[in-house]
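To keep things clear, I will list the structure first and then write my remarks on it.
Here, residue 1 is the first one in the sequence, and each next residue gets the next number. Note that the coordinates shown come from a computational prediction; the quantities given were computed from them, not determined experimentally. For ligands, and for the atoms within them, numbers begin at 1 and follow the listed sequence.
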Amino acid sequence: MAKNGKRILVALGGNAIKQAHEKGTAEEQFRNVYTTAKHLVNMIEHLGKDDRLIITHGNGPQAGNLALQQDIAKDVVPPQPLDVVGAMTQGQIGYMLQQCLENIMMEKGMKVPVVAIVNQVLVDKNDPEFFGENASKPVGNFLTEEEAMKMKAEKGWIVKKVKPNAPKPWRRVVPSPDPIANVEADVIKILVDSGVVVIASGGGGIPVIKEDGRLVGVEAVIDKDLAGERLAEVVEADIFLILTDVEKAKLNFGKPDEKEIDRMTVSEAKKYLAEGHFLPGSMGPKVKACIRFLEWGGKEAIITSLDKAVEALEGRTGTHIVKD
Ligand code: ADP
Ligand code: MG
C-alpha cells in the first residue's frame, strides 16, 4: 500500500510510565500511563484520515524491578533471563497503554483500533557492548553512590553516574547492542497501513541474535530510541518525536553555562555529540537516533517533554533536529 498522509513515531520515556520518585505500584503506573494516553489521544484527534501515530516506549524501571524480582525469588521460582524480562515488560506496559488509550477513546466516542505487539529486534552477537566494561544502558532505579558501590561489590553490577545533579545520580548499566532490524516489521507495516495505532518495539524490543539461521534471545537491553528509529524506518515515519523528561536538549549539560538547543542541523548534532554534550545512555542515544532518522530520509526529529508534545509539533518548543 502506498503511503499517503503524515506519520508520527512517538517514543515515550520512562517518566511516561513511572516517575523517578515512585516505587512503581500498578496504581502509580496506571495513573501515569492514563495521563500519557490523554496526551496521545490529543495527538490522535489532531490527525487527518491518512495520518498515523505509531508508539514505542521505554521499560528501564520496569525491567530493572522485574530483574530484581527474578534475583530475590531465585530459590523459589526460576529466574528468567533479560530477554524474557523484556518480553514480560512489553506485555505489561503494552497492556496498560492499550487499555488507557481504549478507555479514553471510548469516552470520547472515537473508534480507532489500538494494539500492542510482542516485538523482537535483531542485534549482532559481536557487538562491542557485549564485551568487558563496555555496557552502557542504564536500567532499574536511580541509586546513591553508596547504594551503587554496594551493588557493584555484592552482585558484580556495572554501575555508572548518569544524572550529574540528581540526589541519586547512579544506575546499573547492561549491554546495549545496536539494533539492526525489527523482526516483525512486515506485520507492523500491514497494521499501520490499515489504520491501527500500533505500540511496538517496547523497551527497545526483545534483543535477539541469529545463530545458524535461527533467532535466539540474548541478555541485553536495546536502547528504545535507537530501536524506535528502526521502527520509524519500517513504518516510513515523517516525524520522529522523542518524549522525555526535559523540554529541550542542552549544551554543556549540568554545567553553569548550560544552554537549551532550539534547533540543530544533522552536522551540528554530530559535532555536539562528538564533543560530549549528550550523555551516553540518556540524551546521547536520542540525538544519535535523530541523526540516523534524518540520514535515512525522515523529515524532522523532535526531542521534548510529554506535556509539550503538541506545542513542539507546532514548532513552538522542543529541540528540533533537521537536515543540513
Ligand atoms: P527517557 O526515559 O525519556 O529515555 P533518559 O533519562 O534516558 O529518559 O534521558 C533524559 C535525560 O537525559 C534527562 O533527564 C537528562 O538528565 C539527561 N541528559 C543527558 N544529557 C543531556 C543534555 N545534553 N541535555 C538534556 N538532558 C540531558
Ligand atoms: Mg532513556
ask   = Does the pair K189/E236 count as a salt bridge with the N-to-O cut at 4.0 Å?
value = yes
message = Hydrogens and angles aside, do E129 and N134 bring a side-chain donor and acceptor to less than 3.5 Å of each other?
response = no
inquiry  = With heavy-atom distances below 4.0 Å as the criterion, list the atoms of ligand 1 near G13.
reply    = 1 (P), 2 (O), 3 (O)
ask   = Should N15 be counted as touching ligand 1, given the test is an N or O pair under 3.5 Å?
value = no
key: K18, H57, Q29 screened by side-chain hydrogen bond (donor to acceptor under 3.5 Å, both in side chains) with Q62, the one that passes   = Q29
ask   = If we only count N/O pairs under 3.5 Å, is K248 in contact with ligand 1?
value = no
inquiry  = Under 4.0 Å from a heavy atom of T244: which atoms of ligand 1 are those, numbered in the order shown and with their elements?
reply    = 1 (P), 3 (O), 8 (O), 9 (O), 10 (C)
inquiry  = Please list, in number order, the atoms of ligand 1 under 4.0 Å from a heavy atom of A249.
reply    = 24 (N), 25 (C)
task = Give a yes or no on whether a salt bridge exists between E154 and K150, defined as a side-chain N under 4.0 angstrom from a carboxylate O.
result = yes
remark   = Note: with side-chain heavy atoms under 4.5 Å as the link, the other cluster members for V121 come out as V123, F130, F131, I209, V216, V218, I222
ask   = Do any nitrogen or oxygen atoms of D245 lie less than 3.5 angstrom from nitrogen or oxygen atoms of ligand 1?
value = yes
Listed pairs under 3.5 Å, donor-acceptor, residues 95-106 side chains, sequence neighbours left out:
{"from": "Y95", "atom 1": "OH", "to": "Q99", "atom 2": "NE2", "distance (Å)": "3.4"}
{"from": "Q98", "atom 1": "OE1", "to": "A116", "atom 2": "N", "distance (Å)": "2.8"}

Polar proximity ligand 1 side, K224 side, N/O cut 3.5 Å exclusive = yes
task = Name the orientation class of the two ring planes belonging to F293 and F240 (parallel below 30°, tilted from 30 to 60°, perpendicular beyond 60°).
result = tilted
remark   = Any heavy atom of K163 under 4.0 Å from ligand 1? The part involved is side chain
ask   = Relative to the heavy atoms of K250, which atoms of ligand 1 are at a distance of less than 4.0 Å?
value = 22 (C), 23 (N), 24 (N), 25 (C)
ask   = Below 3.5 angstrom, do we get any N/O pair linking L251 and ligand 1?
value = no
ask   = Would you call E28 and R31 a salt bridge, taking side-chain N to carboxylate O under 4.0 Å as the test?
value = no
key: Proximal atoms of ligand 1 relative to G14 (non-hydrogen, under 4.0 Å)   = 1 (P), 2 (O), 3 (O)
